[in-house]
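Single-structure report; data block below.
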Number of protein chains: 2
Amino acid sequence: MSATSRTKAEVTEVQTGVAVQAAGSQPSLVEHESPVPATLGKKGEMTRQQILSAALNLFRERGFDAATMRDIAESAGMSLGASYYYFPSKESIVSAYYDYVQQEHKVRVEREISKAKNLRQRLGIAFHTKLDIIQNDRRLLVALFRYGGDPHHPLSWFGPATSRQRELSMAVFAHALGDQKLPKDVRYFAPLALWALHMGLILYFVNDSSDEQRRTRRLLDGTLDLVTRAFDLATAPVLQPILRPIRKRVTELLTDAGLAPNPG
Amino acid sequence: MSATSRTKAEVTEVQTGVAVQAAGSQPSLVEHESPVPATLGKKGEMTRQQILSAALNLFRERGFDAATMRDIAESAGMSLGASYYYFPSKESIVSAYYDYVQQEHKVRVEREISKAKNLRQRLGIAFHTKLDIIQNDRRLLVALFRYGGDPHHPLSWFGPATSRQRELSMAVFAHALGDQKLPKDVRYFAPLALWALHMGLILYFVNDSSDEQRRTRRLLDGTLDLVTRAFDLATAPVLQPILRPIRKRVTELLTDAGLAPNPG
DNA sequence: TCCTTTAGTTGAACGTGTTCAAATAATGCT
DNA sequence: AGCATTATTTGAACACGTTCAACTAAAGGA
């Protein structure tokens, strides 16, 4: 079915990985408007990772809301105020975790993508890998969706503060598309569409109470079958007279709405 | 362009309407798990409306977060604790407002739908009317999206507490479809798809800072043109050999995922 | 070594949404 | 009218995320 391996070992690796990973490699989302000093000393980075690790453990145990900042600070062995020296807000901890997810996604997809024999399998790797990484973290992902609709919140999906995250994610999907022969406009918008699809799937995933979220996996596989077929249809010469004007109109619409990639 | 009139007068009517409207007609979302007594006296209903009205004014003035429950209670002329006798939470006030929006949407669409000459215009009425109603309330609608991703929150989009709201909204779109000739499966899923589309548009709408949100209106009109064309294509006999198996697969997928309407 | 600057830490305080036992007002029954 | 029940109101309290002025520790230069 899926072109991706999903072993328990991999999932565990993620959980420890985020705590152990070398610090300072990926820039943090929150640096954009955070009071955190731009330069953290060696000890500072360690402390930051301690807070992140403690927070993630508590989030996984109790959920995002039930784990308080006081709990997190205590679990990380410091005072409440100190933790705010490293993270400007509780949500920014989740955001830092999501930065890691993004990077890990990129790394894994680049590593595994060569195993795929066709577009369907490449998409399978891109999507399943993402779910693999966040498999045990549904209880903290709710925080990501909390301020999506608030345009003035720094963590809004649409805000400029998260645009880099979006672009990184879209780049992974673009990479998964590879050199697949596609109409130019389809190729242009496909990463955005795949990103949107993957956001919707994560939303479903977070709400999926089936055993190990198998329901989401099934939905994903079925959806990807259809997506692949849609890409085939999009290139079928017979349908071009019908599809080309529609695609043109869709492109105009999205561009006018400011939803086209790389507007700035 | 649009089949709907969008005058300032109508918008104003809405704003006062929600405060004046006869109480007790539409059941409140929050009754599902709220400590609010099932029976509110005549005076109690008045007080509830006072709180709702005061809250909406403050939400519109300052935004959802900046308007505190203490402000609302004071503006409604009562103590902080008293307001919690009528609304179990701050978000539930917005939810009550959205109940009103839903009812008003139904009333307006039923009133105006006969003016439409075709499917495109009926859809235009259904969608534009919704935006008309919430035109000046973007600052409070952010609260609706806040807990959408949290499966255990009573205001989650997926939760059972909001299923009635969803069904009422889908019923409006089903009504707008009218007796349009459509394949059975398309007819079955169309209200859900239109509801999802309208949620996405509201999300865009809330974030739209263009003058009077004209950008959303343009996006909407263009999208509806495409939707109408899609419905046409869905019924075109020539395409049935291609489309029918795809539709069948989509139906299976959505049903298996528990996303089909009226599952219970 | 001493001083200056920066990095990191503290604990108290603020304002927030929410809760609740107790008090009061209204209603309805006999 | 008097009583019992229900409806409403109160104000204090709680726990939370966040802020901040003051403090201590470390680093670096002369």
Side-chain angles (χ1 to χ4, degrees), chain A residues 23-24 30-31 33-51 54-55 58-59 62-95 140 142-143 146-147 150 153-155, chain B residues 23-24 30-31 33-51 54-55 58-59 62-95 140 142-143 146-147 150 153-155:
Chain A
V30 296
E31 279 175 8
E33 21 68 53
S34 82
V36 175
T39 56
L40 278 181
K42 213 187 299 183
K43 182 187 162 198
E45 284 292 353
M46 293 269 290
T47 314
R48 198 183 139 94
Q49 291 301 319
Q50 261 173 16
I51 296 171
L58 287 173
F59 289 157
R62 313 178 192 174
F64 180 76
D65 288 312
T68 74
M69 286 300 289
R70 284 165 180 82
D71 293 336
I72 293 168
E74 191 190 9
S75 172
M78 55 182 30
S79 77
L80 171 62
S83 62
Y84 277 89
Y85 182 74
Y86 297 93
F87 293 96
S89 72
K90 193 180 179 184
E91 278 95 7
S92 73
I93 302 180
V94 179
S95 191
L140 61 98
V142 299
R146 188 155 293 182
Y147 296 99
D150 192 342
H153 197 279
L155 264 62
Chain B
V30 296
E31 280 176 8
E33 23 65 56
S34 80
V36 175
T39 57
L40 277 181
K42 212 187 298 183
K43 184 185 161 201
E45 284 291 355
M46 293 268 291
T47 314
R48 199 183 136 94
Q49 291 301 319
Q50 260 174 15
I51 296 171
L58 287 173
F59 289 157
R62 312 178 192 174
F64 180 76
D65 289 313
T68 74
M69 285 301 287
R70 285 165 180 81
D71 293 336
I72 293 168
E74 190 189 12
S75 171
M78 56 184 19
S79 77
L80 171 62
S83 62
Y84 278 89
Y85 182 74
Y86 298 93
F87 293 96
S89 72
K90 194 181 178 184
E91 278 95 6
S92 73
I93 301 180
V94 179
S95 191
L140 60 99
V142 300
R146 187 156 292 182
Y147 295 97
D150 191 341
H153 197 280
L155 264 60

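Lettering of chains follows the sequences in order, A, B, ..., and the numbering in each one begins at 1. Values below: every heavy atom of this structure, side chains too, minus hydrogens, waters and symmetry copies.
Across the protein-nucleic acid pair, Leu58(A) atom CG and dC16(D) atom P stand 12 Å apart, rounded to whole Å. The nearest whole Å value for the distance from the CZ atom in Arg48(B) to the C1' atom in dA7(D) is 15 Å. Following rounding to the nearest Å, Glu91(A) (CD) and dC16(D) (C1') show an atom-to-atom distance of 12 Å. Atom CG in Asp71(B) sits about 11 Å away from atom C1' in dG15(C), given to the nearest Å. As a whole-Å value, the separation of Asp65(A) CG from dT16(C) C1' is 15 Å. Taking atom CE of Met69(A) as the reference point, atom C1' of dT10(C) lies 15 Å away to the nearest angstrom. Rounding to whole angstrom units, CG of residue Leu80(A) and C1' of dG8(C) are separated by 15 Å. Separating the CD atom of Glu74(B) from the P atom of dT10(D) is a distance of 12 Å, rounded to the nearest angstrom.
Contact detail for Lys90(A) and Ala67(A): the closest heavy-atom pair is NZ-O, 2.8 Å. Residues Ala54(A) and Ile72(A) share a closest heavy-atom pair of CB-O, 4.2 Å.
The Tyr86(A) side chain lies nearest to dT9(C) when the options are dT18(C), dT19(D), dT9(C). Looking at the side chain of Thr68(B), the nearest of the listed nucleotides dG17(C), dT8(D), dT9(C) is dG17(C). Among the nucleotides dA7(C), dG17(D), dT10(C), the one closest to the side chain of Ser79(A) is dT10(C). Nearest nucleotide to the Lys90(A) side chain, out of dG17(D), dT9(C), dT10(D): dG17(D).
Mapping Gly81(B) and Phe64(A) onto DNA chain D via the closest heavy atom, the residue that lands nearer the 5' end is Gly81(B). Residue-to-nucleotide proximity on DNA chain C shows that, of Arg70(A) and Met78(A), the 5′-proximal contact is made by Met78(A).
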Checklist entry - How far apart are the C-alpha atoms of Leu140(A) and Ile93(A), what are their side-chain angles, what is the distance that settles it, and do they pass the side chain to side chain contact (heavy atoms under 4.5 Å, CB included) test? => result CA-CA 10 Å; Leu140(A) 61 98; Ile93(A) 302 180; over 6 Å; no

Next on the checklist: Run the side chain to side chain contact (heavy atoms under 4.5 Å, CB included) test on Tyr85(A) and Thr47(A) for me, step by step, so that the C-alpha distance in whole Å, both residues' side-chain angles and the decisive distance to 0.1 Å come before the verdict.
Outcome noted: CA-CA 10 Å; Tyr85(A) 182 74; Thr47(A) 314; over 6 Å; no

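In this model, the phosphate group of dG8(C) is approached by a side-chain N or O of Tyr85(A) to a distance below 4.0 Å at OP1 or OP2.
Among residues two or more places apart in sequence or in another chain, the side-chain hydrogen bond (donor to acceptor under 3.5 Å, both in side chains) test is passed with Ser75(B) by none.
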